[in-house]
Amino acid sequence: MADIHIEEFYRDSAIALVQLYSVFPRRINLFVEDIAGPDEPDEFGLHRPRHMACFGALLWLEEEGLLRYVDTIRQEALDQAVLTRKAFIRLNTPAPLDLARELLLPEPGVPEPEAPLPASVRQDRSTWVHVLRQSIRGGHSPTLSRAMQAAFFAPAGN
């Protein structure tokens, strides 16, 4: 089992990347509260560690070239955030079918009812962004961690 802060990092990163993908190429304000949940600063104006960990994850994603932003809004949000070309391409890349099976996600070409899916839908459901969305919806931290590791942190060539 991974350390809880690493599982939270994968979750926060996945949610942020999927949010940015859903509005790409438009720039948005990416609020920590929308990702990690509400947080009230203490009497000294300091946020809880969970909030700061999420904010740190967003800053790290920028440092690693997965998103860009114009400025920070205190420690509340990234102003005018957008995916980088690198992240956009990766999220659009087809994920391995065996990974969907391993993560127990619905396979992209297998519809719920017996009617076959159109090719465009099958193609959309085969992408990394779809794997991440399904993993987020599933709410199982190890599944989401494995999906993020495979999507963004696997050695080159995998």
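Note that the numbering runs from 1 along the sequence shown for the chain. Bear in mind that the values here come from a model prediction, so they are computed numbers and not experimental data.
Using a 4.5 Å cut-off on side-chain heavy atoms (C-beta onward), Phe152 and Leu17 make contact. Residues Val32 and Asp39 fail the side-chain proximity criterion, which asks for heavy atoms closer than 4.5 Å. You'll find the side chain of Leu91 stays beyond 4.5 Å of the side chain of Thr127, heavy atoms only. Considering only heavy atoms from C-beta on, Met148 stays 4.5 Å or farther from Arg11 through its side chain. In this structure, the side chains of Leu20 and Leu66 stay at 4.5 Å or more apart for every pair of heavy atoms. Counting heavy atoms from C-beta outward, Thr72 and Leu59 have side chains that approach closer than 4.5 Å. At least one side-chain heavy atom of Leu61 sits under 4.5 Å from a side-chain heavy atom of Ser13. Side-chain contact between Phe55 and Leu78: present, with at least one pair of heavy atoms (C-beta onward) separated by less than 4.5 Å.
Summarising the geometry of Leu58 relative to Ile35, their closest heavy-atom pair is CD2-CD1, 3.9 Å, with the distance given to 0.1 Å. Considering all non-hydrogen atoms of both residues, Ala151 and Trp128 come closest at CB-CE3, 3.4 Å. Of all non-hydrogen atoms in Arg27 and Arg68, the two that sit nearest each other are NH2-NE, 4.3 Å. The shortest non-hydrogen separation linking Ala150 to Arg90 is O-NH2, 3.2 Å. Residues Gly65 and Thr84 share a closest heavy-atom pair of O-OG1, 2.6 Å.
The structure places OG of Ser141 at 12.5 Å from CD1 of Ile6, a figure rounded to the nearest 0.5 Å. Within the model, atoms CD1 of Ile28 and CG of Asp79 stand 11.0 Å from one another, a figure rounded to the nearest 0.5 Å. How far CZ of Arg137 is from CG of Leu144: 12.5 Å, rounded to the nearest 0.5 Å. Here the SG atom belonging to Cys54 is positioned 10.0 Å from the CE atom belonging to Met52, to the nearest 0.5 angstrom.
Side-chain atoms of Asn29 come within 3.5 Å of backbone atoms of Gln80 as a donor-acceptor pair (strictly under, hydrogens ignored). Counting only distance, with no hydrogens or angles, the side chain of Asp3 and the backbone of His5 share no donor-acceptor pair below 3.5 Å.
In this structure, Tyr69 is a member of the same hydrophobic cluster as Val23, with clusters built from ILVMFWY side-chain heavy atoms closer than 4.5 Å. Ile73 and Ile15 fall into different hydrophobic clusters, defined by Ile, Leu, Val, Met, Phe, Trp and Tyr side-chain heavy atoms under 4.5 Å apart, directly or through other members. Placement of Phe31 and Leu46 in two distinct hydrophobic clusters is found when ILVMFWY residues are connected by side-chain heavy-atom separations under 4.5 Å, directly or transitively. The same ILVMFWY cluster, assembled from side-chain heavy atoms under 4.5 Å apart, contains both Trp60 and Tyr10. Connection of Val131 to Ile89 is not established within any shared hydrophobic cluster, with ILVMFWY side chains joined at heavy-atom distances below 4.5 Å, either directly or through further cluster members.
Ring geometry for Phe88 against Phe24 counts as parallel: the plane angle stays under 30°, on a 0 to 90° scale with 60° as the upper cut.
Looking only at atom types and distance, the side chain of Gln149 has no donor-acceptor partner in the side chain of Arg146 under 3.5 Å away.
Taking Glu8 as the reference, nothing meets the side chain to side chain donor-acceptor pair (under 3.5 Å) condition, with sequence neighbours excluded.
With His47 as the fixed residue, the side-chain hydrogen bond (donor to acceptor under 3.5 Å, both in side chains) test singles out one of Gln75, Glu76, Glu40, Glu33: Glu76.
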